[in-house]
Structures are given as structure tokens and as C-alpha cells.
Amino acid sequence: MIEMALSHVDDPDLGQSLIQLGMIENIAIDGTTVSFDLVLTTPACPMKSKMKEDCINAIHEYVDRNADVTVNLTSRKVEQPKPEEMFPNIKNTILVASGKGGVGKSTVAVNLAVALAKTGAKVGLIDADIYGPSIPIMFNITENDIYGEKHGDKTYMTPIMKYNVKLMSVGFLVDPDKAMVWRGPMASGAVKQLLTETWWDEIDYLVVDMPPGTGDIQLTIAQTLPVTGAIIVSTPQKVALADGVRGVEMFQNPNINIPVLGFVENMAWFTPAELPNNKYYIFGKEGCSKLSQEMGIPLLGQIPLVQSIAESGDSGKPVALWSDNPTSESDAFDLLAENTIKEICKLKKA
């Protein structure tokens with residue numbers, strides 16, 4: 001009788017009865033006293049009070065209006081697989097992060113991925129900056145048809161391949177002309193879905209273009225992926241360097257504990273096209289270089305502020321592609337890729 005009564009109570013979100021969903025356990029009856037466990041998907045379920053009330057009302061309506069009903073709210077602990085078990089084919093994951101926006105983090109992430117791919121490595125690039133996805137523009141991808149691919153019992157999203165880099169971005173899944181208005185938990189959930197439901201196959205280096213800052217999304221990524229190390233991007237300005245320090249401290253937090261591979265100083269100097277041998281330090285000189293020495297963290301590269309880098313990003317042809325006609329800009333990203341690989345090798349030998 002109790003199960004029959006509770007079969008009339010639905011989970012408001014799933015639209016199925018609590019009995020069908022296996023959410024009712026340990027039913028005990030002693031005369032007119034009834035007790036049972038209502039097993040929630042999460043202890044913070046926003047509908048738990050409503051479901052509890054609906055259960056009590058159902059027993060009063062279908063069994064005994066005078067019954068003394070006790071509903072024990074509980075949740076079943078789910079053992080999450082370790083990140084390395086979820087991504088067995090990804091050898092190295094590199095987080096490209098910054099303490100603040102506007103320092104060229106996405107430009108560095110995109111060109112690092114392309115430069116790594118030029119070495120012959122199998123490379124993936126994921127755009128985790130869900131509020132301002134840049135990959136569709138920087139790779140000139142106008143199509144947003146993401147296909148499903150079944151592996152085992154699950155269907156995964158298939159990354160788009162361009163310039164020998166496998167790409168995934170929330171920008172492929174939403175209208176690029178509309179702003180993303182998500183609360184923190186929704187944003188973190190979207191990023192986790194992007195990470196765990198993409199089929200990367202074999203990857204030597206997965207580069208993650210992180211959102212700026214040190215919040216929930218950064219924690220979600222750090223705890224979901226098997227991260228090899230992080231790269232901190234900053235400009236030479238003091239205000240940017242201070243945010244870069246906070247980024248380092250986030251990764252070195254005992255609860256995160258991700259090695260910092262090094263700094264990248266972006267917009268290190270300005271060189272006008274008509275004076276290619278001149279350097280103008282408009283944001284300060286060698287701020288990241290000094291900070292790397294102070295913190296004992298390598299300086300992986302210095303990227304100049306030149307028009308060609310901005311234009312190449314806007315045109316969808318990253319400057320790191322220019323191997324047939326190498327420039328100081330493309331050389332800078334090639335050196336960044338080389339130094340990144342060296343630091344990863346050192347880390348794995350330690």
C-alpha cells in the first residue's frame with residue numbers, strides 16, 4: 001500500500017515517480033506509524049521539501065489520513081572516477097590561465113596549441129572561457145554543427161579539426177551573437193559537461209583556455225581534468241603581475257596542488273612594422289622576468305605587441321602557423337612551445 005501511494009509522487013524535475021526512480025528505501029510500518037528514506041540525487045536538492053510534503057500527503061490520501069509519517073531525507077554517495085580514469089587517452093593537460101582579463105590569454109593558448117601541433121604532436125584545444133569564447137573567431141569557424149559519436153553506451157561530442165588541432169568550444173553550441181547569462185553553478189556545470197562529454201581520442205597535449213580569474217569554474221576544471229601543469233599569462237604591468245601572483249597562489253593551494261610550468265609575458269614590448277628592430281616597453285620592462293626570478297618559476301616566453309598577432313587572430317589564421325615565412329612573432333610561440341615541452345619533461349622526471 002505504501003509503495004502504491006508513493007507511486008503517485010513524481011520527482012518535479014524528472015517527471016517520473018519516486019518509486020520508478022528508486023528513490024524510496026527502507027519502508028517500515030508499525031501500526032499507523034510509517035517511516036522510509038527519500039534518497040535524493042544531491043543533499044542540496046532544491047525540491048526536497050516539496051517531495052517530502054508530497055510523500056506525506058500521498059500516504060494520508062491513499063493509505064490512512066491519520067498515519068504518523070516520517071520521511072528521512074538522505075542521499076546516496078556517488079564515487080566519482082579519478083580524472084586520469086575519465087581521460088585515459090590524454091597524456092598531458094596544460095591550463096593557460098590569467099589572474100585578470102585582457103592580457104591576451106586566449107591568443108597565447110591558441111598559438112601555443114598550433115605551435116605544439118607543428119612539432120607533430122596530437123593536440124586538442126578546449127575553450128573553457130564560456131562567457132567569452134574566442135576559438136570560433138580565432139580559427140575562423142562559422143559552422144557550429146557538432147556531431148555525436150557513440151563509444152560504448154555513451155554518445156560524445158566530436159571536436160572540430162583545424163590546423164591539426166582538435167577544437168571544442170561552447171561557442172560551437174550556442175548563438176555567438178548572444179551573451180551568456182549563467183549563474184556560477186550553471187556555468188561550472190556547462191564547463192564540466194564540455195570537458196567530460198567530448199571524445200578526444202588520443203591526445204599528447206590538451207591545451208585549456210581558462211576563463212580569467214580564480215573562481216568556481218577554475219576549480220571545476222582543476223578538479224575534473226588530470227592536469228599536468230598551468231601556464232600563467234600576464235602583461236608587464238604591476239596590476240597584471242599582482243593578479244598573476246594570485247593565479248599562482250590558486251594553483252599552489254593544497255586543495256588544488258597543480259604545478260605552475262611558468263609565466264608568459266604577453267605584450268612584452270611594442271615593435272612598429274616600419275621599425276622592426278625597435279622595441280618600446282609601453283607597459284613596463286621585463287616585469288614577468290623579474291617576477292619569475294622572485295618566485296622561482298620559469299619564464300617560458302615573451303610575446304611582442306605587434307599588429308600582425310592581432311590581425312592573425314581576427315582573420316582566423318594564428319600567427320604560429322607562419323612556418324613557411326617565419327617572423328619574430330611566430331618564432332616567439334615556437335619557443336614557448338619548446339620551453340613548455342621541456343618543463344613538462346622536467347616535471348615527469350622529477
Side-chain angles (χ1 to χ4, degrees), residues 81-97 105-129 134-135 138-139 141 146-147 149 151 156-169 172 191-192 194-210 221-233 251 257-264 298 300-301 303 317-323 326 330-350:
K82 295 179 180 178
E84 55 270 25
E85 295 172 350
M86 294 173 64
F87 304 92
N89 297 323
I90 297 176
K91 295 179 183 176
N92 300 284
T93 301
I94 305 165
L95 307 184
V96 180
K105 168 186 54 59
S106 294
T107 296
V108 170
V110 164
N111 282 283
L112 172 61
V114 171
L116 288 169
K118 283 164 57 180
T119 69
K122 296 175 181 177
V123 179
L125 174 61
I126 186 164
D127 193 346
D129 189 354
S134 303
I135 284 178
M138 300 185 81
F139 280 85
I141 297 174
I146 296 296
Y147 298 97
E149 185 176 338
H151 296 273
Y156 295 83
M157 294 180 287
T158 304
I160 293 174
M161 176 76 85
K162 192 162 187 180
Y163 307 137
N164 291 322
V165 178
K166 291 182 178 180
L167 307 169
M168 180 53 70
S169 169
F172 300 155
V191 167
K192 191 166 186 177
L194 206 64
L195 297 175
T196 59
E197 297 187 14
T198 300
W199 184 259
W200 295 103
D201 202 8
E202 290 189 11
I203 292 287
D204 295 313
Y205 300 101
L206 178 63
V207 179
V208 183
D209 181 13
M210 299 277 281
I221 295 168
Q223 293 169 354
T224 302
L225 287 172
V227 180
T228 306
I231 292 173
I232 306 293
V233 181
F251 290 118
N257 195 27
I258 289 175
V260 177
L261 300 173
F263 288 108
V264 174
L300 300 176
I303 313 299
K317 296 180 179 178
V319 72
L321 288 168
W322 300 358
S323 54
S330 61
D331 286 346
F333 287 113
D334 288 342
L335 181 61
L336 169 59
E338 181 182 331
N339 288 336
T340 300
I341 293 171
K342 285 180 181 177
E343 290 303 318
I344 290 174
C345 289
K346 287 181 189 176
L347 196 65
K348 294 201 167 182
K349 288 178 182 177

Mind checking whether [X] and [Y] have side chains closer than 4.5 Å, heavy atoms only?
X      : Y      : result
Leu206 : Asn92  : no
Val114 : Phe333 : no
Ile141 : Lys162 : yes

How about Lys317: does its NZ atom have over 12 heavy atoms from other parts shown lying under 6.0 Å from it? no
To the closest 0.5 Å, what do you measure between [atom1] ([X]) and [atom2] ([Y])?
X      : Y      : atom1 : atom2 : value
Asn111 : Leu321 : CG    : CG    : 7.5 Å
Met210 : Lys105 : CE    : NZ    : 9.0 Å
Leu225 : Leu95  : CG    : CG    : 7.0 Å
Ile90  : Asp201 : CD1   : CG    : 10.0 Å
Leu300 : Glu343 : CG    : CD    : 6.0 Å
Ile135 : Leu167 : CD1   : CG    : 5.5 Å

Heavy atoms only: give me the nearest Trp200-Met168 pair and the separation to one decimal. CH2-CB, 3.7 Å
Could you pull out the closest heavy-atom pair between Leu116 and Ala337, with the gap in Å? CD2-CB, 3.9 Å
Are any of the side-chain nitrogens in Lys122 or Asp204 under 4.0 Å away from the carboxylate oxygens of its partner? no
In this structure, which one of Val123, Leu125, Leu261, Val227 forms a side chain to side chain contact (heavy atoms under 4.5 Å, CB included) with Ile94? Leu261
Ile232/Phe251 under side-chain contact (heavy atoms from CB on, under 4.5 Å): CA gap, chis, key distance, verdict: CA-CA 10 Å; Ile232 306 293; Phe251 290 118; 3.7 Å; yes
Who are the side chain to side chain donor-acceptor pair (under 3.5 Å) partners of Ser169, not counting sequence neighbours? Asp127
What residues form a side chain to side chain donor-acceptor pair (under 3.5 Å) with Lys342, not counting sequence neighbours? Glu338
When you measure from the side chain of [X] to the backbone of [Y], do you find a donor-acceptor pair of N or O atoms at a distance under 3.5 Å?
X      : Y      : answer
Lys118 : Ala320 : yes
Lys91  : Ile203 : no
Thr198 : Leu195 : no
Ser134 : Ser106 : no
Asn89  : Glu202 : no

Evaluation steps, side-chain contact (heavy atoms from CB on, under 4.5 Å), between Leu112 and Val96: CA-CA 9 Å; Leu112 172 61; Val96 180; 4.2 Å; yes
Please assess Tyr205 against Thr93 for the test side-chain contact (heavy atoms from CB on, under 4.5 Å), listing each intermediate value before the final yes or no. CA-CA 6 Å; Tyr205 300 101; Thr93 301; over 6 Å; no
Check against side-chain contact (heavy atoms from CB on, under 4.5 Å), Asp331 and Leu335: CA-CA 6 Å; Asp331 286 346; Leu335 181 61; over 6 Å; no
